[in-house]
Novice: 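To start, I am sharing the structure in question, which I have written as structure tokens.
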Amino acid sequence: MSLRKVVYLFVCLSAALFPMILGEEKKKIVLIYTTSIRALGELREIENSYMEHLTSYVRSLHKKVDTLKKYLCSVAHVNLDRLESRVQYVANPLNALGLLRRAHEDWPKWLSYIKDQEDVEKMDKLVAQMPNAVDMNEALMGLERIERFYDLKAFDMANGLVAGLQLDTRMTAPECLILADFMYNRSEYTRAAEWYRLTWNNLQLPLNPVAREFYRPNQEEVRKRFLISRLHEGSIDHINEYLAELSQDPAIPLVYLKPKPAATLIERGCRGDFPPRPMLVCRYNHTTTPFLRLAPLKEEEVSRDPLIWLYHDVLYDSEFEQLTVNLTRAEMVQGYTDNYTTTEKERIFYVNIFEGSGEKLDRDLVNRMADISGLLTGEHTQLGTVNYGLGSHFPEHGDYSDIKANPELVEEGDRLVTFLFYMTDVPLGGATIFPKINLTIQPKKGSALFWYNIHNDWEPHVLTRHAVCPTIEGNRWILTKSLMAYDQMFVKLCYK
Ligand SMILES: *[C@@H]1O[C@H](CO)[C@@H](O)[C@H](O)[C@H]1NC(C)=O
Ligand SMILES: *[C@@H]1O[C@H](CO)[C@@H](O)[C@H](O)[C@H]1NC(C)=O
Ligand SMILES: *[C@@H]1O[C@H](CO)[C@@H](O)[C@H](O)[C@H]1NC(C)=O
Ligand SMILES: *[C@@H]1O[C@H](CO)[C@@H](O)[C@H](O)[C@H]1NC(C)=O
Ligand SMILES: *[C@@H]1O[C@H](CO)[C@@H](O)[C@H](O)[C@H]1NC(C)=O
């Protein structure tokens with residue numbers, strides 16, 4: 001994948017472009033929660049309101065039932081089956097008046113009492129904000145990715161054990177089932193079978209009565225899907241073995257009936273299988289700008305070819321707060337990859353462009369980027385504030401875009417450098433990897449990567465291609481900015 005639209009968006013921040021992209025998003029009204037933890041947090045808030053209304057609905061139902069029972073008791077119960085007894089009843093003038101009054105006055109009242117469903121109306125409104133099928137699919141993609149990239153066992157995952165960390169959550173039968181169907185649809189039959197088996201096992205447990213009574217993933221149906229998954233890769237002659245597998249301990253992984261696909265280079269990098277990073281140089285840099293004589297930067301050289309540095313403690317908690325604390329989903333847009341060979345786009349994360357307007361935060365960040373790079377960092381910050389979501393990743397790409405393929409860049413030049421600030425720690429997953437040079441960088445709050453994307457002759461440096469591993473657990477926030485080449489023509493040093 002060559003140029004990424006998102007990267008394009010960060011960089012070519014012509015005032016005209018940004019509202020256009022925003023407008024496009026608004027028109028489509030894509031309400032996707034999965035691709036940003038911030039957005040998922042909003043969904044949790046909505047669920048909270050939903051549950052509050054549901055609780056209040058149950059409370060008022062109880063009250064209604066009590067009141068209705070009282071009313072029922074208050075209306076005389078005479079046997080009115082026979083015409084004779086009905087006539088006798090209304091021949092009594094008091095009964096007749098009572099009947100007329102009740103029918104005239106009470107009936108509509110009771111009906112509107114029963115129908116009064118303020119909570120239901122509120123819940124109806126919340127349902128309008130529910131995640132759609134695309135969102136659900138994104139979530140399943142995220143979980144599938146976590147399982148595949150980190151080579152997790154379905155059994156461990158379902159029990160909340162991910163990459164050595166025990167979460168205090170277990171997956172329920174409907175969740176196992178939907179993941180199983182998802183794997184099945186991707187023709188990942190062994191993995192699908194694992195999830196069907198987990199669903200089947202889960203359904204036997206007494207601990208989930210709601211799943212059994214309300215959702216009813218039928219156990220027989222699940223068994224059938226398990227067998228079909230096995231048969232896709234196996235043979236009908238072994239059906240008894242597959243049946244035996246179903247009642248085996250689900251902690252024992254199923255045998256792959258077709259060879260398990262080998263891990264890709266990126267997957268290996270994400271699992272931490274690259275050889276350890278050689279220690280190049282760690283130093284205090286106090287030369288790039290005069291300010292650094294007072295406050296030198298903690299600089300770690302992590303690669304010489306291409307040139308990549310890692311800086312420590314270059315973003316403060318207060319700055320992270322100011323940049324993100326009040327950012328809502330509505331102010332952020334969905335970022336996509338852009339693969340020019342197909343019209344297929346992949347959603348990756350939510351992004352907001354922090355333009356900066358001369359306030360302290362703006363000036364501090366601009367100056368810090370100048371301290372790091374020694375380059376002309378412009379008047380305003382103009383950087384992308386990015387929040388990843390559930391299992392979000394960023395496939396391999398280069399931040400350069402190759403001018404020959406993108407003539408619109410001819411006036412500014414290609415993207416010379418990239419700044420990537422990590423605003424949060426990511427406890428599990430979410431590393432930035434440079435697969436061509438065996439480099440893995442785990443986000444550390446307050447640190448930043450800085451690298452050159454192109455050679456001295458302005459040609460793309462393909463070894464800078466990088467990817468972001470799926471986040472397993474954590475809230476991954478980054479800041480990113482590029483500088484275009486031609487502006488830096490007279491200040492950029494020539495590196496060997
Ligand atoms: C674009 O996507 C297609 C299908 O997903 C893939 O085969 C192709 O390699 C991608 N192209 C680039 C330039 O990454
Ligand atoms: C799997 O595919 C079927 C048939 O196309 C579809 O109805 C179902 O929603 C898909 N399930 C998942 C979880 O993707
Ligand atoms: C500080 O960083 C600049 C820019 O990357 C570099 O040119 C310079 O050599 C560094 N100075 C020291 C003392 O490491
Ligand atoms: C966030 O919003 C609150 C309430 O409107 C406000 O008091 C606070 O100053 C804002 N914080 C930042 C960093 O903008
Ligand atoms: C990356 O690591 C592999 C071994 O895992 C090694 O064969 C390869 O040469 C390394 N590549 C670079 C650029 O260091």
Side-chain angles (χ1 to χ4, degrees), residues 38 41-42 262-312 314-332 352 354-357 359-362 364-365 367-377 381 385 396 416-420 423 431 433-441 448-454 456 461-467 477 479 483 488 490-496:
R38 170 59 43 96
E42 288 183 15
T264 64
L265 186 59
I266 307 269
E267 285 164 10
R268 296 214 321 263
C270 292
R271 290 173 199 175
D273 289 351
F274 286 160
R277 171 152 59 92
M279 184 59 88
L280 296 173
V281 187
C282 279
R283 63 188 160 213
Y284 283 106
N285 187 322
H286 45 79
T287 58
T288 314
T289 60
F291 176 74
L292 293 189
R293 270 179 235 142
L294 293 173
L297 287 171
K298 292 177 196 158
E299 181 182 276
E300 195 179 336
E301 202 175 280
V302 291
S303 162
R304 290 217 171 112
D305 183 27
L307 280 164
I308 306 178
W309 294 273
L310 178 63
Y311 292 89
H312 298 275
V314 284
L315 191 79
Y316 306 107
D317 285 358
S318 59
E319 292 169 337
F320 167 56
E321 286 265 319
Q322 288 176 67
L323 285 164
T324 63
V325 76
N326 288 339
L327 255 192
T328 63
R329 183 175 62 144
E331 291 166 287
M332 302 182 82
N352 170 267
F354 175 73
E355 293 276 358
S357 51
E359 71 274 32
K360 181 169 185 304
L361 173 66
D362 188 25
D364 286 351
L365 291 174
N367 290 339
R368 196 133 346 116
M369 288 187 287
D371 292 341
I372 287 174
S373 65
L375 299 174
L376 303 172
T377 45
T381 330
T385 312
E396 185 188 324
L416 178 66
V417 296
T418 297
F419 295 90
L420 197 169
M423 294 200 274
I433 64 173
F434 295 78
K436 292 188 160 33
I437 52 169
N438 290 339
L439 182 63
T440 304
I441 305 285
L449 279 178
F450 170 67
W451 72 83
Y452 279 85
N453 290 307
I454 56 180
N456 287 327
H461 199 327
V462 291
L463 299 185
T464 62
R465 289 175 71 81
H466 55 286
W477 279 96
L479 285 181
L483 295 175
Q488 313 297 335
F490 303 110
V491 287
K492 173 192 168 302
L493 300 172
C494 279
Y495 290 98
K496 75 164 177 58

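Every number for a ligand or one of its atoms is a count from 1 in the order of the listing. For this chain, numbers begin at 1 and follow the sequence in order.
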Novice: Any idea which of L463, L439, L265, N438 brings a heavy atom closest to atom 1 (C) of ligand 5?
Specialist: N438
Novice: Determine yes or no for a side-chain-to-main-chain donor-acceptor pair under 3.5 angstrom, with R329 supplying the side chain and E42 the backbone.
Specialist: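 Not confirmed, R329 side chain does not pair with E42 backbone.
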Novice: Between ligand 3 and Y284, is the shortest N or O to N or O distance under 3.5 Å?
Specialist: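 Not met; the criterion fails.
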Novice: Judged by atom type as modelled, is there a donor-acceptor pair below 3.5 Å linking the side chain of R271 to the main-chain atoms of A263?
Specialist: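 No, because the side chain of R271 does not come within donor-acceptor range (under 3.5 Å) of the backbone of A263.
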Novice: Look up atom 14 (O) of ligand 5 and tell me if a protein heavy atom lies less than 4.0 Å from it?
Specialist: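 Within 4.0 Å: yes, protein heavy atom nearby.
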Novice: Between L449 and F434, which heavy-atom pair has the shortest distance, and what is it?
Specialist: CD1-CE1, 4.1 Å
Novice: Among E300, K298, E299, which residue satisfies the side chain to side chain donor-acceptor pair (under 3.5 Å) criterion with Y311?
Specialist: E299
Novice: Tell me if the aromatic rings of H466 and W451 count as close, with their centers under 6.0 Å from one another.
Specialist: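 Between W451 and H466, which both carry aromatic rings, the centre distance is below 6.0 Å.
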Novice: So if I count the atoms of ligand 4 from 1 in the order they appear, which ones are less than 4.0 Å from some heavy atom of Q322?
Specialist: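 Near Q322, the atoms of ligand 4 are 13 (C).
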Novice: Please lay out, stage by stage, how E321 and S318 fare under the test side chain to side chain donor-acceptor pair (under 3.5 Å).
Specialist: CA-CA 5 Å; E321 286 265 319; S318 59; over 6 Å; no
Novice: How about Y316: does its OH atom have over 12 heavy atoms from other parts shown lying under 6.0 Å from it?
Specialist: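 More than 12 heavy atoms, drawn from other residues, nucleotides or ligands, come within 6.0 Å of this atom.
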Novice: Step by step, would you call L307 with H461 a side-chain contact (heavy atoms from CB on, under 4.5 Å)?
Specialist: CA-CA 10 Å; L307 280 164; H461 199 327; over 6 Å; no
Novice: Under 4.0 Å from atom 9 (O) of ligand 3, can you find at least one protein heavy atom?
Specialist: no
Novice: Atom 2 (O) of ligand 3: which protein heavy atom is closest, and how many Å away?
Specialist: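 For this ligand atom, the closest protein heavy atom is N285 ND2, 2.2 Å.
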Novice: Heavy atoms only: which of S303, G269, P275 lies closest to atom 5 (O) of ligand 5?
Specialist: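 It is P275 that holds the nearest heavy atom.
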Novice: For ligand 5, which atoms have a heavy atom of K436 less than 4.0 angstrom away?
Specialist: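 Reading through ligand 5 atom by atom, the close ones are 13 (C).
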Novice: Would you please determine whether E299 falls within less than 4.0 Å of ligand 3 on a heavy-atom basis?
Specialist: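 A heavy atom of E299 does come that close to ligand 3.
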Novice: Going by the order shown, which atoms of ligand 3 are within less than 4.0 Å of some heavy atom of R283?
Specialist: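 So the atoms of ligand 3 that pass are 14 (O).
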Novice: Which atoms of ligand 3 have any heavy atom of T288 under 4.0 Å away?
Specialist: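 Near T288, the atoms of ligand 3 are 1 (C), 2 (O), 3 (C), 4 (C).
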Novice: Quick check: does N326 get an N/O under 3.5 Å from an N/O on ligand 4?
Specialist: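 Between N326 and ligand 4, an N or O pair is found under 3.5 Å apart.
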